[in-house]
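The structure presented is a predicted model; accordingly, all values stated were derived computationally and were not measured.
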Amino acid sequence: MGFVRRRRTVPFRTAGELDAMAAAGAIVGRTLVAVREAAEPGASTLDLDRVAEESIRSAGAVPSFLGYHGFTGSICSSRNDVVVHGIPRADDVLAEGDLLSIDCGAILDGWHGDAAWTFAVGAITAAEEELNAATEQSLAAGIAAMLPGNRLTDVSHAIEEGTHAAGRAHGRSYGIVDGYGGHGIGREMHMDPFLANEGAPGKGPRLVAGSVLAIEPMLTLGTDQTTVLEDGWTVITDDGSKASHWEHTVAVTQDGPLILTPRP
């Protein structure tokens, strides 16, 4: 008997489901803005976590991260050489010159939004500003590749090319953090497929209208190698170089990419 190989697609949502995901994503975007407004020298990352939890719960949503595999925060707060998954703590106090990444997720009516934003606390160096701009540029390149008919690794390749373009413009080479990347998202926070932040184009499942991915480039001023600390969460650069992490939840539509986690 003949067997027909089905064309695999990145999981897709109906228009109504995308509206529901956008409602969750809007809460994430507002929460990130609230956290940035509270991120001043002397504030602890636990203070920021409380701002985030209040923002999410007051909107009728639930923090995605809190309790996830035992994680204790409503946000991941990653400072300087911490790439991702920093745990909010009372003794982790912000200082002038910090580069701070805040990753946040919210669940509303069973649907998830997930986004991250890296910003300066006070003044940072020109190299750090360029690193942050490069990561934002890489995210934008990945978002632009969220088109019907593209394949999964077309997005990965676009992120990588965006990174290299920024590096050429800035006269340096950025580390693309090895082994970490984006993911499918919907009624669970982390779903297949895994989205690498580099690679050859034209491979993997196809994007169709309604496909949703969380796109999240992570770049450093040095190495692409990282270590997870003894807490089982905190990921740091092996050379101590600073890192930046930007993320949006993005849907494919016939009218172009749709960011589901916009910041007001």
Side-chain angles (χ1 to χ4, degrees), residues 28-56 63 65-66 71-105 114-139 163 166-167 170 172-177 180 216-248 261 263-264:
V28 173
R30 289 200 302 271
T31 298
L32 286 171
V33 171
V35 170
R36 178 170 185 169
E37 289 173 351
E40 298 178 340
S44 74
T45 54
L46 187 61
D47 293 333
L48 302 186
D49 188 72
R50 292 179 177 132
V51 169
E53 184 173 6
E54 166 63 22
S55 171
I56 293 166
F65 296 1
L66 188 59
F71 192 77
T72 56
S74 295
I75 55 172
C76 297
S77 51
S78 305
R79 278 197 311 137
N80 299 327
D81 65 334
V82 179
V83 183
V84 285
H85 304 161
I87 302 170
R89 302 194 320 267
D91 62 354
D92 188 24
V93 178
L94 302 184
E96 178 86 14
D98 280 343
L99 189 61
L100 178 65
S101 168
I102 301 294
D103 195 349
C104 178
D114 186 8
W117 192 16
T118 298
F119 51 84
V121 179
I124 55 175
T125 68
E128 290 159 4
E129 286 190 3
E130 288 182 344
L131 166 68
N132 209 30
T135 315
E136 182 181 11
Q137 183 175 326
S138 301
L139 173 60
T163 301
H170 300 157
R172 65 167 55 82
S173 177
Y174 293 109
I176 300 175
V177 174
Y180 292 85
E216 47 182 322
M218 303 159 209
L219 304 182
T220 80
L221 279 172
T223 185
D224 61 1
Q225 296 300 301
T226 58
T227 297
V228 180
L229 297 185
E230 286 181 3
D231 61 29
W233 287 102
T234 308
V235 179
I236 62 166
T237 58
D238 283 357
D239 61 358
S241 62
K242 289 196 177 180
S244 176
H245 171 216
W246 288 62
E247 177 185 19
H248 271 308
T261 46
R263 293 187 296 272

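Here Thr226 contributes atom OG1 and His85 contributes atom NE2; the two are 10.5 Å apart, rounded to the nearest 0.5 Å. Rounded to the nearest 0.5 angstrom, Asp103 CG and Trp246 CH2 are separated by 13.0 Å. Here the straight-line distance linking atom CG of Asp114 with atom CZ of Phe65 works out to 4.5 Å at 0.5 Å rounding. One distance of note links CG of Asp47 with CD of Glu40; it measures 10.5 Å at 0.5 Å rounding.
Looking at heavy atoms from C-beta onward, Val33 lies in side-chain contact with Trp117 at the 4.5 angstrom threshold. Using a 4.5 Å heavy-atom threshold, the side chains of Tyr174 and Leu221 count as touching. Contact annotation: the side chain of Val83 never approaches that of Ile236 to less than 4.5 Å [non-hydrogen atoms, C-beta and beyond]. Counting only heavy atoms from C-beta outward, the side chains of Leu48 and Leu100 approach each other to under 4.5 Å.
Ser101 and Ser78 share no donor-acceptor pair across their side chains, judged by distance under 3.5 Å alone. Inspection of the His245 and Thr118 side chains reveals no N or O donor paired with an N or O acceptor under 3.5 Å. Side-chain atoms of Thr223 and Asp239 form no donor-acceptor pair, as typed in the model, at a separation below 3.5 Å. For the 3.5 Å distance criterion, the side chains of Thr237 and Asp81 fail to qualify, holding no donor opposite an acceptor. Counted by atom type alone, Asn132 and Thr135 present zero donor-acceptor pairs between their side chains at under 3.5 Å.
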CA sep, side-chain torsions, deciding dist, call: His170, Glu129, side chain to side chain contact (heavy atoms under 4.5 Å, CB included): CA-CA 11 Å; His170 300 157; Glu129 286 190 3; over 6 Å; no
Stepwise side chain to side chain contact (heavy atoms under 4.5 Å, CB included) check, Glu130 with Arg172: CA-CA 10 Å; Glu130 288 182 344; Arg172 65 167 55 82; 2.5 Å; yes
With side chain to side chain contact (heavy atoms under 4.5 Å, CB included) as the criterion, how do Leu66 and Ile56 come out once you've worked through the C-alpha distance, each side chain's angles and the decisive distance to 0.1 Å? CA-CA 11 Å; Leu66 188 59; Ile56 293 166; over 6 Å; no
Quick one, Ile102 with Ser77, criterion side chain to side chain contact (heavy atoms under 4.5 Å, CB included). Give me CA distance, side-chain angles, the key distance, then yes/no. CA-CA 5 Å; Ile102 301 294; Ser77 51; 4.0 Å; yes
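Of all the heavy atoms in Cys104 and Thr31, the pair that sits closest is SG-CG2, 3.8 Å. Scanning both residues, Leu139 and Glu247, for their nearest heavy atoms gives CD2-N, 4.0 Å. For Ile75 against Thr45, the heavy-atom pair with the smallest separation is CD1-O, 4.4 Å. Residue Tyr180 comes nearest to Met218 through the heavy atom pair CB-SD, 3.6 Å, listed as atom of the first residue, atom of the second, then distance. Closest approach of Ala38 to Val51, counting heavy atoms only: CB-CG2, 4.0 Å. Scanning all heavy atoms of the two residues, the minimum distance from Leu131 to Leu99 falls at CD2-CD2, 4.0 Å.
In this structure, the side chain of Glu96 engages the main chain of Ala123 through a donor-acceptor pair within 3.5 Å. Not one N or O on the side chain of Thr220 forms a donor-acceptor pair closer than 3.5 Å with the backbone of Ala243. A donor-acceptor distance shorter than 3.5 angstrom exists from the side chain of Asp49 to the backbone of Ser74, with no hydrogens or angles considered. One N or O on the side chain of Asp238 and one on the backbone of Thr227 form a donor-acceptor pair closer than 3.5 Å. Counting only distance, with no hydrogens or angles, the side chain of Ser138 and the backbone of Ala134 share a donor-acceptor pair below 3.5 Å.
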